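Worksheet: the structure to be examined is printed underneath.
Predicted model, so just to flag it, every value in this text is computed and none were measured.
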Amino acid sequence: MARSIVILTGAGMSAESGIATFRDSDGLWENHRPEDVATPEAFAADPDLVHRFYNARRRQLTDGVVAPNAAHVALARLEHELDGDLLLVTQNIDDLHERAGSANVLHMHGELLRSRCRACDSVSEFRGDVDASTRCPVCGTEGEMRPHVVWFGEIPLGMDQIFTALERCDVFAAVGTSGNVYPAAGFVQMARAAGAHTVELNLEPSWVNTDFEETRLGPAGTVVPQWVDEVLGA
């Protein structure tokens, strides 16, 4: 049985729960151009638009409609039943992994239900709307709260921890990822260089599919539970 596993999850994981993927075929992200709502420059130019966009996405998580799917549940079970270490790295900013029961989750692109103060750099949980009048719960400054989300041009979070885990793991799995966004797209190469077995579980082959030793295609809600059963039964 694997003793140390790193799992990377992407938009395809949450898509089966009804959360829109980052970019549709028309190049838009929930009817917005990414450069208008997902860059520091966009926030500086029109903070009200950016806040409205993320407030709407936040309500999607808190209105009781979106829920973890079978793949989220299976990965939580793997973490709890594995006789070893598991780090779940997600590119998703939703809380579906946590709601399914996963505890060791690293959100490399931030978290939708948190906001960061530009004045004191503190991060606080926010489940309601945020706007230009919102005060920082830590320092009290008004109008400096921004989404705790990694935008274009910003460095992903937790990279040192991720690299250390990749160098030590004996299994690396990528679920629902496109493989066209770095540094995450390079994780498979790092894991293979460390001697890990690598597997892609995806609806269709990713851009870096040939870097994986094993590929399982199908909906995450189907292929992930099957794979987890095999790992735990090995």
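- Phe212 and Val6 fall within a single hydrophobic cluster, where Ile, Leu, Val, Met, Phe, Trp and Tyr are joined by side-chain heavy atoms under 4.5 Å apart, directly or via other members.
- In this structure, Arg77 pairs ionically with Asp229, as a charged nitrogen and a carboxylate oxygen lie closer than 4.0 Å.
- No path of Ile, Leu, Val, Met, Phe, Trp and Tyr side chains, each step under 4.5 Å between heavy atoms, connects Leu166 with Ile5, placing them in separate hydrophobic clusters.
- Just one residue in the list Glu204, Glu200, Glu230 forms a salt bridge (charged side-chain N to carboxylate O under 4.0 Å, His left out) with Arg216, and that residue is Glu230.
- In this structure, CH2 in Trp227 is found 9.0 Å from CG in Leu232, a value given to the nearest 0.5 Å.
- Side-chain atoms of Ile19 and Leu61, non-hydrogen and from C-beta on, do get closer than 4.5 Å to each other.
- Side chains of Asn55 and Val130 form a contact here, defined as non-hydrogen atoms less than 4.5 Å apart.
- A search for side chain to side chain contact (heavy atoms under 4.5 Å, CB included) contacts involving Thr222 returns Pro219, Gln226, not counting sequence neighbours.
- In this structure the side chain of Val149 never reaches within 4.5 angstrom of the side chain of His109, judged on heavy atoms.
- Between Arg59 and Asp63, none of the side-chain N atoms (NZ, or NE/NH1/NH2) sits under 4.0 Å from a carboxylate O, so this pair counts as no salt bridge.
- In this structure, Arg135 contributes its side chain and Gly140 its backbone to a donor-acceptor pair below 3.5 Å.
- Leu8 CG to Thr177 OG1: the interatomic distance, rounded to the nearest 0.5 Å, is 5.5 Å.
- Counting only residues at least two apart or on different chains, no salt bridge (charged side-chain N to carboxylate O under 4.0 Å, His left out) pair has a member in residues 182-199.
- Glu16 places a side-chain N or O within 3.5 Å of a backbone atom of Ala220 that can act as its donor or acceptor partner.
- The hydrophobic cluster containing Val231 also contains Leu86, counting ILVMFWY residues as joined when their side-chain heavy atoms lie under 4.5 angstrom apart, directly or transitively.
- Between Thr62 and Leu113 the shortest side-chain heavy-atom distance falls below 4.5 Å.
- Between Glu144 and Cys136 the shortest side-chain heavy-atom distance does not fall below 4.5 Å.
- In this structure Pro183 satisfies the side chain to side chain contact (heavy atoms under 4.5 Å, CB included) test together with Met108, Pro156, Met159, Phe187, sequence neighbours excluded.
- With Asn209 as the fixed residue, the side-chain contact (heavy atoms from CB on, under 4.5 Å) test singles out one of Asn202, Val188, Thr215: Thr215.
- Atom NE2 of His148 sits about 10.5 Å away from atom OG of Ser122, to the nearest 0.5 Å.
- Between Met13 and Gln91 there is no side-chain heavy-atom pair separated by less than 4.5 Å.
- Ion pairing between a basic and an acidic side chain is recognised when a charged N comes within 4.0 Å of a carboxylate O; Arg3 and Asp85 show no such pairing.
- Checked against side chain to side chain contact (heavy atoms under 4.5 Å, CB included), Glu167 has no partners two or more places apart in sequence or in another chain.
- In terms of modelled atom types and a separation under 3.5 Å, the side chain of Thr198 and the main chain of Glu213 share a donor-acceptor contact.
- Under the rule for a salt bridge (charged side-chain N to carboxylate O under 4.0 Å, His left out), Asp211 has no partner lying at least two apart in sequence or in another chain.
- A 4.5 Å side-chain heavy-atom check between Thr141 and Cys120 finds every atom pair outside the cut-off.
- Put simply, the side chain of Ser17 gets close to the backbone of Ala67: a donor and an acceptor are under 3.5 Å apart.
- Taking the charged nitrogens against the carboxylate oxygens, Glu98 and Arg114 have no contact shorter than 4.0 Å, which rules out a salt bridge.
- A 6.0 Å sphere centred on CZ of Arg168 holds no more than 12 heavy atoms belonging to other residues, nucleotides or ligands.
- Transitive grouping of hydrophobic side chains (ILVMFWY, heavy atoms separated by less than 4.5 Å) keeps Val181 and Ile93 in distinct clusters.
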Do any side-chain atoms of residues 45-53 form donor-acceptor pairs under 3.5 angstrom with protein atoms, and if so which ones, sequence neighbours left out?
unit_1: Asp46; atom_1: OD1; unit_2: Leu49; atom_2: N; d: 3.2
unit_1: His51; atom_1: NE2; unit_2: Met145; atom_2: O; d: 3.3

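- Note that NE2 of His72 is 4.5 Å distant from CG of Leu96, once rounded to the nearest 0.5 Å.
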Worked verdict on Asp121 versus Arg116 for side-chain contact (heavy atoms from CB on, under 4.5 Å): CA-CA 6 Å; Asp121 206 34; Arg116 185 166 72 248; 3.5 Å; yes
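- Looking at Ser14, its side chain never comes within 3.5 Å of a backbone N or O of Ala11 through a donor-acceptor pair.
- Proximity of Glu35 to Phe152: side-chain heavy atoms (C-beta onward) are nowhere separated by under 4.5 Å.
- Leu78 and Val224 fall within a single hydrophobic cluster, where Ile, Leu, Val, Met, Phe, Trp and Tyr side chains are chained together by heavy-atom contacts under 4.5 Å.
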